[in-house]
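Input: a single structure, listed below in structure tokens.
Lettering follows sequence order; numbering is per chain, from 1. These numbers come from a predicted model, not from an experiment.
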Amino acid sequence: MNYWLMKSEPDAFSITDLKSRPKRSEHWDGVRNYQARNFMRAMKKGDLAFFYHSSCETPGVYGIIEVARAAYPDHTAWDPENRHYDPKSTPERPLWFMVDVRFKRELEKPVTLTAIKMQSSLKQMRLVQRGSRLSVMPVTAKEWNTILKLAEEKFP
DNA sequence: GCCAACGTTGGC
DNA sequence: GCCAACGTTGGC
């Protein structure tokens, strides 16, 4: 089992949005970065991921989601009306992929980016590496546990 | 809104 | 293959 972190702008799609979906699941479309795509293709059903809210007032980890379906072609790339349309991708030769994710739980207390940066044992986290902008990235088991522990602490 | 950092594009 | 120009991400 592997751990991941997936970013989304909560104005567009938040953990609460996912929670309120009919089956509490949704496809994670729109990834148009090769490295992020490759990470998604490495995901296995049952893997867990942090749901990270980006480009918002308080960026951070807000919840936990599960990979419900392994990577398959992202059909939004074929739709000229879609914001993430990419004519290089076709049904015959899909270039972009997505996974399905399912809501697991919200963190009672989100682990903010600030808190992550303050934690010296998380210095190596990809999320806080200089210039790291990937929307999908792996998380080590140690990092995963550290963040979960931070979420349970009463005071930051 | 600003800007650093990075990825992509396209001319040569 | 090089690299300048441009676009995007995302924190602040």
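In this structure, a donor-acceptor pair under 3.5 Å is absent between the side chains of W78(A) and T90(A). Side-chain atoms of T76(A) and R32(A) include a donor-acceptor pair closer than 3.5 Å. Side-chain contact check for S14(A) and D17(A): at least one donor-acceptor pair (N or O, by modelled atom type) lies under 3.5 Å.
Between Y34(A) and W96(A), a ring centre-to-centre spacing shorter than 6.0 Å is recorded.
Of the residues in residues 130-139 of chain A, those with a non-hydrogen atom less than 4.0 angstrom from any atom of DNA chain B are R130(A), G131(A), R133(A).
Residue V31(A) comes nearest to A36(A) through the heavy atom pair CG1-CB, 3.5 Å, listed as atom of the first residue, atom of the second, then distance.
The outermost nucleotides of DNA chain B lying under 4.0 Å from heavy atoms of chain A, listed 5' to 3', are dA5(B) to dT9(B).
Between H53(A) and Y62(A), the ring-plane angle classifies as parallel under the 30° and 60° cut-offs.
Residue R24(A) holds its CZ atom at 11.5 Å from NZ of K104(A), rounded to the nearest 0.5 Å.
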